[in-house]
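Reading through the structure tokens given below for one structure.
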Amino acid sequence: MNAFTLSRGPSKEDKKYFTSGDPDTLFSDLQEIGHGAFGAVYCALDERPKSATRGQNVAIKKMSYSGKSEKFTDIVHEIKLLERLKHKNIVRLEECFLKDKDHMVWIVMEYCLGSASDLVDVQPGRLLESEVAQIIRDVLHGLSYLHSNEIIHRDIKAGNILLSENGLAKVADFGSASNKSSANSFVGSPYWMAPEVILAMESGRYTGAVDLWSLGITCIEIADRKPPMFTQNAMAALYQIAQSDAPTLDQNADWSHTFHSFLSCLLKKNPEERFTATEALQHSWFKDNRENPQELVELIDRTKRLVREQDEKQITMQYKKMLRIYKGGD
Ligand code: ATP
Ligand code: MG
Ligand code: MG
């Protein structure tokens, strides 16, 4: 056995998390919609005979566990966590399959249209403040639920916030989550990491407050289109997060005083002074921006239109290029 052979496969205990049968026969029209550290995510048509979502789209995260033996343990950890969670602002796990022969796990989830990061990438300018507030409020509801269940997400960022067709934002990607109310390992994505995670090796444990810091950074990422220090390398950014004052929104943009004030309650370097998710939901920023899922539905529609236009433009450009090549003109 070498380092690339599986040394920890599914035990009998693990197998209870998986439905038997070959998922290749139950889902069709797989199309890649996302990519992450573990592999690709696909949109597929649900053809399971007894499924409530038969004939509708589902998302399938295919994860390979060949290679390091801890990988399978990590995948089962993610599944165990997701399985417990039932909330409108947490992406719903449907079912899991094991393709033992290929060393693959398929995690079938509710289908979302894309992430908040995709929205920001596609939109040519800034989102409206009220749109940012709709997304952040939903994530706070999700975080409040997670923290009351003693789960720390540890990787909150726009790429892990998904949007559903009916205008809800949902927390996704539980690959880094901890199922204890306090933790001490160095886990997360550098630019979004709370100072106490970076310093945990020195000062001990941290709590769910780390997710509120990362959400503060995510506010900046969604509103100003990039998290702070994104142009620096990850090591330099980690050093700065630990050493410098908390970042703020772009002072030259038109963000309201209330938004600045809300953000300063999340981006407190001392986790004990930071708002909890429940406290954050009481902030007057959410009174100024009333709950309205329709606003996100419209933003999603606008984004879809832009993607279609960009696709059409690209097809036209490719078509023109092809014509030039065939006709030999310029
Ligand atoms: P990371 O590198 O962030 O750890 P990961 O391998 O853990 O990634 P996810 O973050 O779960 O994977 O998914 C990667 C991407 O796939 C997401 O950013 C999103 O674009 C897409 N995606 C994931 N789940 C869904 C879903 N349920 N519906 C639609 N798209 C999804
Ligand atoms: Mg992710
Ligand atoms: Mg992940």
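As the structure lists them, so they are numbered: ligands from 1, and atoms in each ligand from 1. Just so you know, these numbers use all the heavy atoms, side chains as well, and skip hydrogens, waters and symmetry mates.
- Of the protein's non-hydrogen atoms, H35 O, 3.8 Å is the one closest to atom 14 (C) of ligand 1.
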(request) Give the C-alpha distance, both sets of side-chain angles, the deciding distance and a yes or no for side chain to side chain donor-acceptor pair (under 3.5 Å) between Q123 and T303. (result) CA-CA 7 Å; Q123 290 293 332; T303 311; 2.9 Å; yes
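- The proximity of K61 to ligand 1, defined as any non-hydrogen pair under 4.0 Å, is limited to the side chain.
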(message) S181 vs H147, test: side chain to side chain donor-acceptor pair (under 3.5 Å). Steps then yes/no.
(response) CA-CA 7 Å; S181 56; H147 294 168; over 6 Å; no
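- A37 N, 2.8 Å is the protein heavy atom nearest to atom 2 (O) of ligand 1.
- Using a non-hydrogen distance threshold of 4.0 Å, M63 does not register as a contact of ligand 1.
- For ligand 1, the polar-atom distance check finds an N/O of N160 within less than 3.5 Å of one of the ligand's N/O atoms.
- Here D155 fails the criterion, with no N, O or S atom under 2.8 Å of the Mg ion (ligand 2).
- The protein atom (non-hydrogen) at minimum distance from atom 10 (O) of ligand 1 is D173 OD2, 2.9 Å.
- Between K16 and E83, no side-chain nitrogen of the basic residue sits less than 4.0 Å from a carboxylate oxygen of the acidic one, so the salt-bridge criterion is not met.
- The pair R154-D211 does not count as a salt bridge, with every side-chain nitrogen at least 4.0 angstrom from each carboxylate oxygen.
- Of the protein's non-hydrogen atoms, the one nearest atom 25 (C) of ligand 1 is L162 CD1, 3.3 Å.
- Proximity annotation for atom 18 (O) of ligand 1: of G159, A116, A158, G159 comes nearest, heavy atoms only.
- Near G34, meaning under 4.0 Å from one of its heavy atoms, ligand 1 places the atoms 16 (O).
- Counting heavy-atom neighbours within 6.0 Å of D245 CG, excluding the residue itself, gives a total of 12 or less.
- Of the protein's heavy atoms, E110 O, 2.9 Å lies nearest to atom 27 (N) of ligand 1.
- At least one N or O atom of C112, backbone or side chain, sits closer than 3.5 Å to an N or O atom of ligand 1.
- Not less than 6.0 angstrom separates the ring centroid of F97 from the ring centroid of W106.
- Contact atoms of ligand 1 toward A59: 26 (C), 27 (N), 28 (N) (distance under 4.0 Å to a heavy atom of the residue).
- For the pair K62 and Y42, the cation-pi test (distance below 6.0 Å, angle within 45°) is passed.
- Proximity to M109 (heavy-atom distance under 4.0 Å) selects the following atoms of ligand 1: 24 (N), 27 (N).
- Here the CG-CD1 distance, from L163 to I300, works out to 5.0 Å after rounding to the nearest 0.5 Å.
- A distance-only check finds a donor-acceptor pair linking the side chain of R225 to the backbone of V120 [under 3.5 Å].
- Nearest to atom 20 (O) of ligand 1 by heavy-atom distance, out of D155, V41, D118, is D118.
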